[in-house]
Amino acid sequence: MNDVPTPIDPEAARRPVREAAPAGAPDPGVDVKRLQKEILAELTYSVGRSPETASPRDWFVATAYAVRDRIVDRWIVDHASKENKPEKRVYYLSLEFLIGRLLFDALNNLNLTEVAREALSGLGVDLDRIRTAEPDAALGNGGLGRLAACFMDSMASIGVPAFGYGIRYDHGLFRQGIRDGWQQEYPEDWLSFGNPWEFAHPEIDYPIGFGGYVEQVSEGGVARHVWRPAETVEAVAFDTPVVGWRGRHVNTLRLWSARAGDQIKLEAFNRGDYVGALADRVRVESISRVLYPSDETPAGQELRLRQEYFFVSGSLQDLVRRHLEEWGDLRSLADHVAIQLNDTHPAIAVPELMRLLMDVHGLDWDEAWKVTLATFSYTNHTLLPEALESWPVPLMERLLPRHMQIIYLINALELDAARKRHPGDDGLLASISLIDESNGRRVRMGQLAFTGSHKINGVSALHTELMKQTVFRDLHRLHPDRIVNKTNGITFRRWLSQANPGLTSILIDAVGPEVLDDPMRLEKLAGMATDSGLHERLIDAKRANKVALAKVISDRLDIQVDPDALFDVQIKRIHEYKRQLLNILETVAIYNAMRAQPMRAWMPRVKIFAGKAAASYHQAKLIIKLANDVARVVNSDPTVRGLLKVAFLPNYNVSLAEIIIPAADLSEQISTAGMEASGTGNMKLALNGALTIGTLDGANVEIKEHVGDDNIFIFGLTAQEVEARKRRGYDAHAAVEASSMLREVLESIRNGVFSPDDPNRYRGLIDGLLAHDTFLVTADFDAYFAAQRRVYKLWRDRAAWMKASVVNTARVGWFSSDRTIAEYADDIWGVTPASR
Ligand code: 26W
């Protein structure tokens, strides 16, 4: 080894110097003693604590620094020189990255978990204890944000050179408390004790403009537009290295933080108006203060639009600068850069890139448009009409006047081209237009993202098909080569190896350690699906995970559950289309049945719920309250004899998911068909051996194709049937008439059996369901109830259940996000992964 890397932050200069390991090579000399020494040095010189006084958090920080140093060595080698530049880079633009804790990610990918465990244990410190001292980074709402985090892991693992770009929110998704059964939102403060994984780069900053006006200037007879913003904010970079599997590649997650520029009235400050001057600063810097906590309903406020433009502009300025440094000419941008838009949240990137190319770098429109179209691609994550983003034209004109001009011009050109191909088809023109004229004039971000992208993808086969038939029907007619499917995936490193080490070691014994590199090797397990020795080991591992979850339920809720009962799990955002209500109705049905025949041999089971509701989503919050009300009544009713328990675990996040998923027996994926774009929890649960009870929605359809009809419990209306029912006008009364069980369930809830303190609490909920059952809960109830009976029948035959469980684990290798990313690389980005 020769050169010691240049320290990239001043702190590093004081650290013990080690030799750099080249990317891909095993870290030399990572032995227990050495890591121990490094952790102690970090504790002393970076944290400033002695081992005697160090808290678990101090130990976590010291360990994180020691591990980070090893990543940084590789990071620097990976990014060492301009000569070493990759042919093409991917830029993943996402307003959300739901990353969770990072210590085990780093340890696991560097193969250091056991070394660290031993090193710490020699110092009298328990690795599992300090693991929980790390805050759970929740810079995302749900599926979309978690997908971005899995993709970052996979890109670094299979060797796709990439940057993730997003916002470094001071406050991530709110912390959920449950008081008296109701959701309470509390601020989240993940940065309050610092963040050992990130590097602040105050010197990497870009001006981001807002408001003002556009000037036309003439340069050598050529007209050029100059935007003169009324105010500017600085986007400052914070980098987190993302290390892939076996430490082969290290990518960067670059998050932007807002900093007031020098326009803050220093003058006022000098005059003594301190408060006035600071108020401006606070206002400007509020851009990166907090994640919008809405899921599926657009927030619609100006600050959200500011966030979108802020991070898009910082990211594009950054990548344009890098491209010019490396390749010199922006006309070749698309040869070396692929930009993925994660939903429409970064769609303003389309006119922003046009502006940078034309106004700042002097390309003409046609050149700029060619580059733009070849560079962007866009992922759609939802078809729910209320979730499709659009912004009022007057707001856009005020905040982003130059972008609005460009949007109008893109629109005019697209509409012209369409008119030529389909003369007289006004419906088509109205549907593809970037401007929605139907309720106030609004810019449709979906149409904008589609129009500016060469590829548009859905996230499951069914979802992609529905995209072609619904939201993008007409755009698809005009551009039939653009829409492609990329079924979601999950990183097995977090959701199998880290979350479920017990299962992982059984799998390694059964099919070989190569499975860690190639999840398709899980297939081999299918041949052992009836092996009783294997069953026994799996049952033991699952039981240990269930005991651990039972402890969490006991500690947090003071509810005692039987680890031998069936753990029936529904964990995801609370939303009417996800139909937690359907699950609660079934719970009540069982409860009613138990009370009617208390002495029957009821099969023990535990219904486990977790998830957050958007703070303003009253119906979702009422459903949380109902789950808790049902839990209180059922759990304390002696006639139930503890055979049915209900637990709503508060504050669902990545870390809680890592505890619940390995302990699940049954996975609830029961959305109204056609409404869940994909789902990814469904994949995590199946991988961990849970059987799915679900509708033919999202990726459930493909999970069914992989695991086989006998190993999944499918029920309910199909997407087509849902469509047909809705068209006809669905009437819940008929379904309720036909099902005495459903009637009884609804009546008991409506009459206050679960809300004796406020008997009318659920009247509105139940009457609403009967009047307009938008999500067809009543239509699917009987089928769902019947499917649950099939579940119990199989559960009673333990060998048959285990066989199905093994087949689930065996057949879901395809849902690895490594596969998903390889498909994006091949089909959308034109990048060849280095390690695949
Ligand atoms: C503008 C407000 C807003 C915010 C977030 C609207 C919509 C969203 C997302 C589209 C919500 C989301 O997370 N969608 C989920 O994306 C996952 C990853 O593709 C899918 O697995 C889920 O089915 C989908 O609901």
Side-chain angles (χ1 to χ4, degrees), residues 92 94-98 138-151 166-167 173 291-301 303-305 307-308 340-348 378-391 442-446 449 456-464 466-467 471 485-491 495 571-579 611-617 620 652 654 657 669-685 694-695 697-703 719 815 817 820-821 824:
Y92 198 82
S94 178
L95 258 190
E96 307 193 6
F97 287 92
L98 189 43
L139 309 185
N141 274 290
L144 164 147
R146 182 54 231 174
L147 187 75
C150 284
F151 279 5
I167 293 181
L173 188 61
L291 165 79
Y292 268 89
S294 67
D295 175 79
E296 309 285 354
T297 38
Q301 283 119 7
L303 183 60
R304 167 81 178 194
L305 181 57
Q307 286 186 337
E308 296 184 353
Q340 189 69 37
L341 305 174
N342 197 22
D343 216 283
T344 56
H345 316 155
I348 195 69
Y378 147 58
T379 307
N380 172 281
H381 294 268
T382 182
L383 300 173
L384 297 188
E386 65 270 29
L388 300 176
E389 250 190 324
S390 70
W391 292 102
R442 301 177 75 91
V443 180
R444 293 162 161 163
M445 303 309 265
I456 293 90
N457 75 286
V459 290
S460 73
L462 173 66
H463 166 66
T464 300
L466 293 173
M467 257 169 76
V471 258
N485 177 242
K486 292 287 159 275
T487 299
N488 282 167
I490 57 173
T491 169
W495 298 108
I571 45 175
K572 50 186 80 247
R573 287 295 288 245
I574 311 295
H575 203 293
E576 287 164 281
Y577 86 81
K578 295 180 189 280
R579 299 200 295 192
K612 294 175 182 177
S616 57
Y617 192 170
Y652 182 57
V654 173
Q669 310 299 336
I670 58 178
S671 51
T672 315
M675 296 197 177
E676 188 69 273
S678 160
T680 44
N682 47 2
M683 302 168 189
K684 293 163 197 167
L685 285 153
T695 47
D697 199 13
N700 297 351
V701 177
E702 289 151 90
I703 292 178
F815 295 94
S817 46
T820 313
I821 286 298
Y824 275 86

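Counting starts at 1 for both ligands and their atoms, following the listed order. Side-chain atoms are counted along with the backbone in the values below, which use heavy atoms only and exclude waters and symmetry mates. What you see is a predicted model; the values in this text were computed from it and never measured.
Neither the backbone nor the side chain of Thr379 comes within contact range of ligand 1; no heavy atom lies under 4.0 Å. With a heavy-atom cut-off of 4.0 Å, Val459 touches ligand 1 through its side chain alone. Counting heavy atoms under 4.0 Å from ligand 1, residue Asp343 touches it through the side chain alone.
For the residue pair Glu676 and Ser671, the shortest heavy atom distance occurs at CB-OG, 3.3 Å. In terms of heavy atoms, Asn457 sits closest to Lys486 at ND2-CB, 3.4 Å.
Shown here are the side chain to side chain contact (heavy atoms under 4.5 Å, CB included) partners of Ala138, two or more places apart in sequence or in another chain: Leu98, Asp136, Leu173. Every residue two or more places apart in sequence or in another chain that forms a side chain to side chain contact (heavy atoms under 4.5 Å, CB included) with Ala677 is listed here: Val459, His463.
In this structure a side-chain-to-backbone donor-acceptor pair under 3.5 Å is missing from Asn700 to Gly694.
Side-chain contact, Gln340 with Tyr378: no donor N or O sits under 3.5 Å from an acceptor N or O. No side-chain N or O of Thr695 forms a donor-acceptor pair with one of Gln669 less than 3.5 Å apart. Side-chain atoms of Asn380 and Thr382 form no donor-acceptor pair, as typed in the model, at a separation below 3.5 Å.
Atom 5 (C) of ligand 1 has its closest protein heavy atom at His345 CE1, 3.8 Å. At the top of the distance list for atom 8 (C) of ligand 1, counting protein heavy atoms only, stands Glu296 N, 3.9 Å. Summary of contacts: the protein heavy atom closest to atom 21 (O) of ligand 1 is Gly679 N, 2.8 Å. Scanning the protein for heavy atoms near atom 13 (O) of ligand 1, the closest one is Leu144 N, 3.0 Å. Shortest contact from atom 1 (C) of ligand 1 to any protein heavy atom: Pro298 CA, 3.6 Å. The closest protein non-hydrogen atom to atom 19 (O) of ligand 1 is His381 ND1, 2.6 Å.
Comparing Arg304, Met445, Glu676 against atom 25 (O) of ligand 1, the shortest heavy-atom distance belongs to Glu676.
Within the structure, ligand 1 has Asn488 among the residues with a heavy atom less than 4.0 angstrom away. Residue Ser294 places a heavy atom under 4.0 Å from ligand 1.
Close approach of ligand 1 to Ala677 is summarised as follows: ligand atoms under 4.0 Å from at least one heavy atom of the residue are 23 (O).
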